[in-house]
Number of protein chains: 2
Amino acid sequence: MTRQRRVILEEMQIPGKHLTADEVYQRVRRRLPNISLGTVYRNLEILSRIGRIKKLHLGGGRKLYDGGLHLHYHVRCVKCGKVSDVPAGPFGDLETAAGKTSEFKILGHQLEFEGICKECQKDE
Amino acid sequence: MTRQRRVILEEMQIPGKHLTADEVYQRVRRRLPNISLGTVYRNLEILSRIGRIKKLHLGGGRKLYDGGLHLHYHVRCVKCGKVSDVPAGPFGDLETAAGKTSEFKILGHQLEFEGICKECQKDE
DNA sequence: TTTCTTGCAAAGGGTTTGCAAAATA
DNA sequence: TATTTTGCAAACCCTTTGCAAGAAA
């Protein structure tokens, strides 16, 4: 656990926020001005592999990193791209249901809603 | 509706299959050898915007295009990346539930399961 | 010391875009 | 004819990677 990795992890602890790799880079650079973007990418990959953060691939096509590990879903604004958390369920046991109709051994799931955020609703 | 667009749409009609832009390009090229990759990208974008196909951003980070318009979900193998359809629900009314806890006006949702496909289960 | 990680810069892969020519409505 | 779309190629992200120097275990 290097200094860089620790700071990256700390800077990801923003409840309800989801950052691109470059946003993480910008934040971390305020504390470690010499860190490189490559290091940020490498550590985001490692941290998500060991389960300290979550990598999201949402509909907008952007890769986002989420420091929040509690079970929750996401909603993305189709107008401005803003992503917010949606508290999880209770949505029944989705995985059990899927396991009955699929030949896959189900290990997990991701649920993403799309809609229009409060600000964009005003603009309509 | 140009010839290129029509052929692209036709080549996407493979039940249960999900293609990358390049796979679409390869398929279409068998019928229209001079089509360019740019044209494929432009038409996939247009077709998904007008709702004739669906653009998927699954966990693997890959962008896939799906010609199947019936309501269904997807499951992705975490070992080999294979993507299969999962019949939808009945999973209750996910969007109504999300609308109660979110300030967004909910318009839709995508649900992706991850697991291990039949073939990869054998290898374990 | 041995192994892992860093910063740098270059390479890589997928996607988008400007343009003039061609096709469509 | 007016508008849209095409093929081509270059440009454009974003992300990954090779390397030698540096830090961590």
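Source: prediction; values computed, not measured. Both backbone and side-chain heavy atoms feed into the values below; hydrogens, waters and symmetry mates do not. Protein chains get the first letters and strands the later ones, always in sequence-line order, with residue 1 at the start of each.
- At distances below 3.5 Å, at least one donor-acceptor pair connects side-chain atoms of Arg62(A) with backbone N or O atoms of Gly81(A).
- In this structure, the side chain of Gln13(A) does not engage the main chain of Glu10(A) through any donor-acceptor pair within 3.5 Å.
- By the 30° and 60° cut-offs, the orientation of the rings of His18(A) relative to His72(A) is tilted.
- Remark: aromatic rings of Tyr73(B) and His109(B) are close, center separation under 6.0 Å.
- Along DNA chain C, the nucleotide closest to Met1(B) and the one closest to Arg42(B) are compared, and the more 5′ of them pairs with Arg42(B).
- Under a 3.5 Å cut-off, the side chain of Ser48(B) and the backbone N or O of Glu45(B) do form a donor-acceptor pair.
- Ionic pairing of Lys82(B) and Glu119(B) is present here: one or more N-O contacts between side-chain nitrogen and carboxylate oxygen are shorter than 4.0 angstrom.
- Between Tyr25(B) atom OH and dG13(C) atom C1' there is a gap of 15 Å when expressed in whole angstrom units.
- Bracketed by its first and final contacts, the part of DNA chain D lying under 4.0 Å from non-hydrogen atoms of chain A reaches from dC14(D) to dA25(D) in 5' to 3' order.
- Going from atom CD of Gln26(B) over to atom P of dG14(C) covers 11 Å, rounded to whole Å.
- Nucleic acid contact for Ile35(A): sugar-phosphate only, since backbone atoms but no base atoms lie under 4.0 Å from a heavy atom of the residue.
- Within the nucleic acid shown, Asn34(B) comes within 4.0 Å of sugar-phosphate atoms alone, with no base atom in reach, counting heavy atoms only.
- Formation of a donor-acceptor pair under 3.5 Å by the Gln121(A) side chain with backbone atoms of Glu103(B) is found in this model.
- Protein atom CG of Leu32(B) is 13 Å distant from nucleotide atom P of dA23(C), rounded to whole Å.
- Counting non-hydrogen atoms under 4.0 angstrom, Asn43(B) reaches the backbone sugars and phosphates but no base.
- Rounded to whole angstrom, the span from the CG atom of Leu64(B) across to the P atom of dG14(C) amounts to 12 Å.
- Rounded to a whole Å, the CZ atom of Arg5(A) is 11 Å from the C1' atom of dT6(C).
- Across all strands, Gln4(B) comes closer than 4.0 Å only to sugar-phosphate atoms, never to a base (heavy-atom distances).
- Considering only side-chain atoms of Thr2(A), the nucleotide from dG7(C), dT15(C), dT6(C) that sits closest is dT6(C).
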